[in-house]
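Atoms considered below: every heavy atom in the structure, side chains included; atoms not considered: hydrogens, waters and symmetry mates. Chain A is the first sequence line, chain B the second, and so forth, proteins listed ahead of strands; every chain is numbered from 1.
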Amino acid sequence: MRCALLGFALWGMGAGASAAFAATPPQTNGVPALYAQAEQGNDAGAAHALSLALEAKGYPFLASAYDAQVLKLGPAAKAYPAALEHLVRLQETLDDEYLLPSLLAAQPATALNDLSPEPRARMGFLTAAVDLRRGALAEARKKLEAVPANAPFSAESTYLLGVVLSDPKLPGGPQLGEALKAFDRVLKLDPQEDPKFERTRGLAQLARARTLYAMKRNAEAVQAYQAIERETPDWAEALFEEGFARFRAGDPGGALGSLQALHAPQFEASFQPESWILKATIYYFNCLYDEARTSLYAFDQTYTPMMNALAPLARGSLTPEEAYAQLANPETSRLPKPVLNWARDNERMLRVFALRAELDREGKRLAEDDSLRGTAAQAGLRQALDDNRKTVEQVAGTLAKNRIQEAYRDLKGFTDQAEIIRFEATKAEKDLIERGVDRRKVLAAGHLYRPASPGPAYDYWRFEGEFWSDEIGHYRYTLKNACVGSDAPKKK
Amino acid sequence: MRLMLVALLLASAANAQPAEPPASTVQPPPAAKLPPPTIPAPPPEPLPPLKPPSAEQALSFGAPLHDPNVRVHVVEPKAFAEQGRFELVLFPVTPQINGKFTQHHGTAGELVFHLQERFALTAFGQYNWYAHESSFNEELVDKVHEEAQSASSLLLRWGALGGVEVAPLYGKFAFYDHLVRFSFILNAGAGVGSTRHQLKPSNAAGPASYGETGTRFLGDLGAGVRFQVGERFALRLGVRDLVYTARVDKVNGCSLSDLHSLNDQRLAGGSLSSAQVGGGCDVSSFEGMSGSRDRGDDVPLAINVVDQPSSDVLGELGVYLGFSLVL
Amino acid sequence: MDLRAATVVMGIAVLLGGANASAQEGFDPTAVRHRLFDMQGTLEVEPFLGTQLFQRLTHDQMVGVGLAYNFVDSFALEVRAAYGFTGHTGLADQIEQQLIQRNPGDGDLTTVDDLSDLWELRANAIAGLRWAPVYGKVALFAETPLHFQTYLWLGGGVGFLHRQSVVLCHQVTSRELGSCGAELDETRAAPVVSVALGLRIFAGKSGSALLELRSFVFKDRYRINVDRSVAEAGGSTGTLTGSPGLTQVLMINLGYSFEL
């Protein structure tokens with residue numbers, strides 16, 4: 001068992017030899033002794049005991065590697081249940097949302113039966129997330145519904161349940177009403193000490209708004225988007241999607257106002273190419289073709305240089321290692337800042353980056369650990385770290401590369417959409433000219449009024465080009481509609 | 001509707017026929033086959049390049065500032081609505097800033113009920129724990145034996161007023177990167193206040209002595225700013241002028257003739273309580289000792305105060321820095 | 001047109017934190033961006049008028065001009081010069097009149113101390129630092145926003161002072177009327193410290209209105225133990241007090257700043 005290799009993606013359920021479970025307390029046998037015992041005797045029990053000892057000495061990643069070694073032997077190994085439970089706990093310590101959950105998801109379903117209630121519930125929750133990513137929605141739903149309400153992670157699991165229920169690919173169709181109830185349950189929870197709770201609340205609020213939008217309850221969707229707290233991770237996304245909701249609700253001025261927030265200087269480093277496309281679309285639907293073209297011009301000026309900068313990285317031979325370097329080190333990255341911010345805006349990827357950093361930290365600690373200096377255990381553990389580092393680096397780099405390529409693909413797609421809008425606007429203008437409609441006269445006859453104030457507890461400011469941070473998210477446009485008779489494009 | 005690219009199909013040339021063994025080693029090239037009789041589609045015409053927008057269409061960070069067809073507005077909810085809420089204000093120290101012959105420092109409190117967002121009803125009270133003649137007046141007395149007329153040096157002890165407050169203007173400012181929203185407030189009120197006059201200044205003979213000169217009608221006008229700090233706290237800073245009429249014709253309820261009667265009694269060595277005075281005259285305020293000083297000595301000083309009739313309209317202009325609790 | 005707006009398929013956010021990072025990257029929380037009025041690097045000329053607040057014995061109306069350079073948006077160096085139209089108030093005249101009506105020859109207030117705070121700020125030249133950390137706007141009748149800055153000013157310079165005594169009269173023209181033909185007149189130059197709190201209201205790109213409360217503080221100086229009989233006979237009398245205190249002149253100034 002020299003190579004404690006973690007093959008997370010293609011983890012085998014290899015039977016392996018079942019080993020005697022040596023329940024050796026870590027405090028009586030040090031790491032070197034346990035290492036020797038595990039290596040020489042192919043002792044799964046010693047391997048698990050080594051894992052416990054490593055965790056106690058501050059090497060959680062290495063600990064998980066040795067528990068993973070036990071899992072490779074399958075449920076027949078006596079140490080299997082203990083190792084599985086320990087691994088569930090280590091996942092929480094490492095806060096890894098990718099590698100370890102994938103490893104846990106590869107275990108047989110019956111493995112849960114031997115776990116005590118809390119790790120069983122947690123493992124069900126973690127593997128449900130993996131099922132969701134892989135499209136096994138029915139399985140994910142079953143596991144999430146089994147999470148007890150008093151579990152510490154019940155807020156996260158309820159949120160995830162809502163996500164599953166609202167997925168269009170759910171067998172039998174999405175259950176948006178049930179999904180809404182799940183999100184509402186999260187939002188009604190009292191504040192908790194769990195540092196992830198606020199994040200989960202924010203996600204639930206955003207998901208609630210999206211669900212209402214999917215149910216075509218546009219006005220409620222708008223209110224739900226507006227309930228998202230300012231300057232939180234979901235705020236920019238909420239502003240953008242609120243634009244869609246308002247547009248569909250027949251409020252083009254409100255929609256343009258929501259999008260305007262994303263174009264304020266305070267959001268200069270934000271990546272929002274589609275906002276310009278939506279702006280152009282709204283103008284198009286109001287037959288304001290000059291304004292539509294102006295929006296497309298702004299998109300072109302801002303994002304075409306970014307797309308060109310990304311092209312060699314996305315289309316060329318960007319290695320995962322290079323991609324990782326671009327995203328993990330913002331100070332030295334060559335990526336345009338908005339793209340960098342967007343690409344890093346992925347929690348799962350960042351957790352893998354953190355895992356890689358943890359490997360480095362444990363390697364450094366191992367080198368300075370006097371209690372292991374010169375021992376076979378030190379050499380063996382170092383080898384284990386090196387072997388795992390390759391995998392983690394590969395995973396991290398692949399995630400990073402995918403992100404960069406996704407950014408490029410998105411920009412390419414929006415560029416194509418921009419061309420379509422431009423073509424349609426030009427075509428519509430030509431049609432009007434051929435029919436003898438003077439759009440300028442129509443526009444000149446129109447009037448612009450102040451938007452209605454929702455109530456006395458609102459302050460009105462005439463916008464003059466100055467961007468105050470507290471006003472962001474409260475812009476409203478008033479615009480003329482130049483569509484004459486049946487010229488108005490129909491929304492599908 | 002999407003742009004469709006027309007695919008061009010070109011048939012490949014047919015295979016060449018095998019040639020007879022040539023007389024020489026140089027073979028003529030095989031005859032070329034005719035291409036299919038199709039008219040190729042013209043190449044797609046590119047859209048005209050994007051032109052920069054005109055001055056009218058120019059955007060400033062996405063906002064059309066000069067476009068006659070589109071306008072941008074800000075409709076911003078107030079940080080905290082106030083309608084229907086009570087506000088308790090404490091002004092710990094209210095120094096007078098326009099003191100010429102008098103100087104007042106006090107503490108004030110106010111109860112504000114926000115009837116609407118920009119209109120409120122108020123109940124205001126102030127107690128001046130420092131109400132004395134000013135050092136300027138004392139200088140005039142000491143150096144040139146002059147002093148202000150009685151009415152001009154009337155002191156306000158306390159006031160209670162009811163009034164209204166409006167907030168016609170609102171604004172915001174940035175102090176470096178901190179944003180603060182405020183509203184300008186104007187207030188006006190009417191009520192009553194209690195006045196007194198200094199009889200004897202504080203000197204070697206003892207502390208200052210005062211005579212009550214009755215309650216007056218009190219009006220107030222003020223202006224300032226209100227800063228909302230969180231949902232339940234606010235800060236107020238402004239000036240307020242407490243205006244009251246000053247006509248001094250009685251001291252401790254005693255008119256000039258009452259005071260003369262008391263003085264005659266005093267000079268005759270008799271008891272002041274047996275003097276013939278009007279019903280409202282508070283003789284007891286001139287009886288007894290104040291420290292080591294006979295309070296009867298205030299009688300001639302009181303005569304000086306009411307001897308020459310005087311009237312004035314006084315305004316106690318003060319700076320009010322207050323802390324509010326919004327309920 | 002198959003635009004996304006018409007047929008949005010909302011991708012539901014998947015997984016915990018799958019959509020967003022732990023911090024709002026890409027958002028700059030700066031309070032105000034793209035300010036309409038930025039003073040940095042501007043040179044200003046500011047003529048102004050001022051009047052003294054809370055007059056007691058003297059009054060002062062000033063006219064002056066300032067020159068300021070804003071080396072950053074919130075800091076500026078300024079030099080100012082002003083001329084004051086000054087004099088006694090009616091109260092000072094009344095005090096002088098009533099004092100002259102008392103004949104020192106009859107033993108009535110023979111020896112007096114002169115009054116404090118009689119120096120008038122006839123002219124001044126000062127320099128100082130202006131700090132304007134506050135930039136804001138007010139909704140005027142809910143339409144046009146009015147942009148403003150508030151500032152604090154601290155500096156000093158020299159004041160050209162004039163004083164006319166109310167107790168030292170060298171020539172009584174009428175005892176009955178209490179009139180004097182020749183009071184003791186003094187002038188001097190003295191260091192002056194000035195502090196101001198001001199409001200700048202931007203009127204456009206090229207100028208702004210300035211409203212400020214400005215205080216001038218300088219050392220007082222007056223005579224005590226003045227023998228009025230000697231003074232009225234034309235003689236020199238009295239000694240300068242050792243602890244005269246400070247005199248404050250509080251002005252309210254209104255000016256306009258022209259950006260060069």
Given Phe463(A) and Leu65(B), is the side-chain contact (heavy atoms from CB on, under 4.5 Å) satisfied, shown in steps? CA-CA 8 Å; Phe463(A) 182 77; Leu65(B) 294 179; 3.7 Å; yes
Apply side-chain hydrogen bond (donor to acceptor under 3.5 Å, both in side chains) to the pair Tyr475(A) and His73(B), showing each step before the final yes or no. CA-CA 6 Å; Tyr475(A) 299 117; His73(B) 314 264; over 6 Å; no
With salt bridge (charged side-chain N to carboxylate O under 4.0 Å, His left out) as the criterion, how do Lys172(B) and Asp470(A) come out once you've worked through the C-alpha distance, each side chain's angles and the decisive distance to 0.1 Å? CA-CA 10 Å; Lys172(B) 63 176 81 170; Asp470(A) 64 332; 3.1 Å; yes
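Pro456(A) and Gln83(B) make their closest contact through CG-OE1, 4.0 Å (heavy atoms, listed as atom of the first residue, atom of the second, distance). Minimum interatomic distance between Tyr283(A) and Pro64(B) (heavy atoms only, all atoms of both residues): OH-CG, 4.2 Å. In terms of heavy-atom proximity, Trp468(A) sits nearest to Ala174(B) at CZ3-N, 4.0 Å. Counting all heavy atoms, side chain and backbone alike, Leu448(A) lies closest to Pro68(B) at CD1-O, 3.3 Å.
In this structure, chain B has heavy atoms under 4.5 Å from both the backbone and the side chain of Ser469(A). Only the side chain of Leu288(A) comes within contact range of chain B, with heavy atoms under 4.5 Å apart. Contacts of Ala79(B) with chain A are absent, with no heavy-atom separation under 4.5 Å from either backbone or side chain. Both the backbone and the side chain of Glu76(B) come within less than 4.5 Å of a heavy atom of chain A. At a 4.5 Å heavy-atom cutoff, Phe299(A) makes no contact with chain B through either its backbone or its side chain. For Gln57(B), the parts sitting under 4.5 Å from any heavy atom of chain A are the backbone and the side chain alike.
Taking CD from Glu291(A) and CG from Asp67(B), the interatomic distance works out to 4.0 Å, rounded to the nearest 0.5 Å. For the atom pair Leu59(B) CG and Gln301(A) CD, the distance stands at 11.0 Å (nearest 0.5 Å). The distance from the CZ atom of Phe61(B) to the CD atom of Glu466(A) is 12.0 Å, given to the nearest 0.5 Å. Between the OG atom of Ser54(B) and the CZ atom of Arg293(A) there is a distance of 10.5 Å, given to the nearest 0.5 Å.
The only member of Leu479(A), Asn286(A), Leu443(A), Asp290(A) that meets side-chain contact (heavy atoms from CB on, under 4.5 Å) when paired with Asn69(B) is Leu443(A).
For Arg230(A), the CZ atom sits in a packed shell: over 12 heavy atoms of surrounding residues, nucleotides or ligands are nearer than 6.0 Å.
Under a 4.0 Å N-O distance rule, the pair Arg118(B)/Asp459(A) qualifies as a salt bridge.
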Distance-only donor-acceptor pairs under 3.5 Å for side chains of residues 318-327 of chain B, two or more places apart:
| unit_1 | atom_1 | unit_2 | atom_2 | d |
| --- | --- | --- | --- | --- |
| Tyr320(B) | OH | Gln126(B) | OE1 | 2.5 |
| Ser324(B) | OG | Glu87(B) | OE2 | 2.6 |

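Note: Pro265(A) leads Ala264(A), Pro265(A), Ser453(A), Gly257(A) in heavy-atom pairs under 4.5 Å with chain B.
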